[in-house]
Amino acid sequence: MASRLRTSTQQLIFLGVAALLMVQLGWWINLQVRQSASLLEARINELKAGRAEAWQMDSRLMVPYYAAPETSFHRGVVEGKLPKTVPTLAQRTQAIQTAFPHVKVVESPVEWDDPQLVDLSGFLTLRREPIQALESARRLTLWRAALEGAFMAAGVLFGFFLIYRKLAEEMDLKLRQKNFIAAVTHELKTPIASLRVWMETAFDRPLSGEQRSMVRDRMDQDLERLAELVANLLEVARADAGGLELHLRRMEVAHWLREVCKAMDERLGPGSLGLRVQVPEGIWVEADPKALSMVVENLLSNAFKYAEAPRSTLVTVEENRDSVLIIVRDHGVGMPLRELSRIFQRFYRVGDEMTRSVPGTGLGLFLAKEIVARHGGDIRAASLGPGRGSSFTVRLPRPPARQSSDAMTNSGGLA
Ligand code: ADP
């Protein structure tokens with residue numbers, strides 16, 4: 001509950017920071033857009049001012065020709081100084097274009113504010129090219145801002161995603177470690193307490209032969225449980241330290257697997273697994289028999305733990321071009337699809353420690369995965385869903401064909 005609460009607080013902080021960043025980015029893009037719009041407007045206004053100056057220039061040139069001869073203007077200021085002939089529209093147009101290259105003379109207005117030349121024979125408009133160039137510069141600025149913004153947003157979001165995932169992983173591992181300690185404590189305490197009770201019974205009470213053998217069996221089971229836990233813990237510690245050394249040898253699967261299944265069936269209570277073993281003869285693998293036995297034992301132990309009696313467990317072996325598959329199927333509690341890959345993580349157990357009824361440490365499948373990986377293979381789980389059983393497939397590479405099946409080394413199992 002507490003961890004769930006922490007997770008959602010973390011998610012909220014993450015979402016809050018991401019939203020803040022997005023708002024800031026939006027604001028930045030908006031600023032870019034507004035700046036480029038006002039730059040464009042200023043430049044167009046400049047062009048229009050140039051057009052107004054052109055109109056004034058033309059007006060100053062032409063007004064004296066149209067002023068009445070009797071005005072003081074004619075008589076006083078410019079009389080006698082005017083050229084003999086009135087300039088033609090073509091000459092005036094030429095003069096305007098030389099002085100103002102962005103201004104163009106047209107026959108009729110193109111824009112609503114195109115001013116008329118004084119003698120009404122032309123209108124002053126702006127050339128489209130500079131305006132189009134400004135427009136496309138503006139579009140370019142917008143695209144650049146949008147792309148830079150999107151790139152930045154994607155980068156930052158990706159960074160957040162990575163940090164968030166790392167944090168979630170760390171929290172998950174911490175939780176699993178806590179569960180693991182609780183589980184190991186329970187797994188150690190229970191058989192020890194049970195052994196104490198049986199020991200007191202054996203030594204303090206007079207028992208019949210039958211009772212004595214029953215007590216002995218129970219003590220054996222408790223010791224077995226402790227031995228399995230300690231072996232798993234040691235192997236995981238060894239794997240962590242890089243000391244999980246394999247002593248590979250070429251071995252025939254059928255004989256070895258039948259022996260492992262038989263021993264496990266006896267350990268768990270003869271017949272309690274409802275075990276059927278279907279292994280064709282003559283399939284060979286290159287493996288460490290002791291390490292691989294540990295994998296199969298863990299799978300069978302799980303088939304026992306996670307199924308109600310009467311159980312039905314099937315062990316089969318298949319062979320294809322490159323691999324040998326050892327498959328363990330049960331009709332037990334099964335699991336949801338999303339758990340199938342997680343159960344191989346260290347300490348991972350399906351469900352909540354408080355609600356779990358089956359004892360365990362979450363190490364068995366982790367160890368199985370490590371061992372199989374060191375054989376160059378892999379292990380996968382499948383289930384049709386809760387209550388619909390599970391199957392585990394160990395895939396080992398098929399060894400190259402050989403004439404003889406002699407051992408590569410004689411030392412067996414994990415050292
Ligand atoms: P442990 O059994 O000690 O919890 P494992 O690593 O062997 O640890 O298994 C991890 C988890 O995977 C178990 O806690 C259980 O939830 C689930 N699991 C493993 N085998 C089976 C199975 N045959 N059927 C259903 N669930 C399984």
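Order of appearance sets the numbers: ligands from 1, and atoms from 1 within every ligand.
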Between the side chains of Asp240 and Arg346, is the shortest nitrogen-to-carboxylate-oxygen separation below 4.0 Å, so that they form an ion pair?
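Yes.
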Salt bridge or not for Arg128 and Glu111, using N-O below 4.0 Å?
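Counted as a salt bridge, because a side-chain N and a carboxylate O are separated by less than 4.0 Å.
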Among Asp114, Asp58, Ile96, Val110, exactly one meets side-chain contact (heavy atoms from CB on, under 4.5 Å) together with Leu124. Which residue is that?
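By the side-chain contact (heavy atoms from CB on, under 4.5 Å) criterion, Leu124 pairs with just one of Asp114, Asp58, Ile96, Val110: Ile96.
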If you measure from each non-hydrogen atom of [X] to ligand 1, which part falls under 4.0 Å: side chain, backbone, both or neither?
| X | value |
| --- | --- |
| Glu339 | neither |
| Leu363 | backbone |
| Phe344 | neither |

Starting from the C-alpha separation in whole Å, work towards a yes-or-no answer on side chain to side chain contact (heavy atoms under 4.5 Å, CB included) for Arg51 and His102.
CA-CA 8 Å; Arg51 188 181 56 180; His102 298 323; over 6 Å; no
Tell me which one of [options] gets a heavy atom nearest to [atom].
| atom | options | result |
| --- | --- | --- |
| atom 3 (O) of ligand 1 | Thr361, Asn298, Leu299 | Thr361 |
| atom 8 (O) of ligand 1 | Gly360, Gly362, Ser383 | Gly362 |
| atom 1 (P) of ligand 1 | Phe304, Tyr348, Tyr306, Phe347 | Tyr306 |

Does anything in residues 369-391 pair up under side-chain hydrogen bond (donor to acceptor under 3.5 Å, both in side chains), and if so which pairs, sequence neighbours excluded?
Asp378-Arg395
Regarding ligand 1, does Val350 bring an N or O atom to under 3.5 Å of one of the ligand's N or O atoms?
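So ligand 1 has an N or O lying under 3.5 Å from an N or O of Val350.
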Between Gly364 and ligand 1, is there a nitrogen or oxygen pair with a distance under 3.5 Å?
yes
I need the atoms of ligand 1 closer than 4.0 Å to a non-hydrogen atom of [X], numbered in the order shown.
| X | value |
| --- | --- |
| Lys305 | 1 (P), 2 (O), 3 (O) |
| Gly334 | 25 (C) |
| Arg349 | 1 (P), 4 (O), 14 (O) |
| Val333 | 25 (C) |
| Met335 | 25 (C), 26 (N), 27 (C) |

Hey, does Glu297 have a side-chain heavy atom less than 4.5 Å from the side chain of Glu228?
no
Would you mind reporting whether Asp172 and Gln345 have side-chain heavy atoms less than 4.5 Å apart?
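Gln345 reaches Asp172 side chain to side chain.
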Can you name the residues that form a ring pair (Phe, Tyr, Trp, His ring centres under 6.0 Å) with Phe160, not counting sequence neighbours?
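If we apply the ring pair (Phe, Tyr, Trp, His ring centres under 6.0 Å) test to Phe160, skipping adjacent residues, the hits are Phe14.
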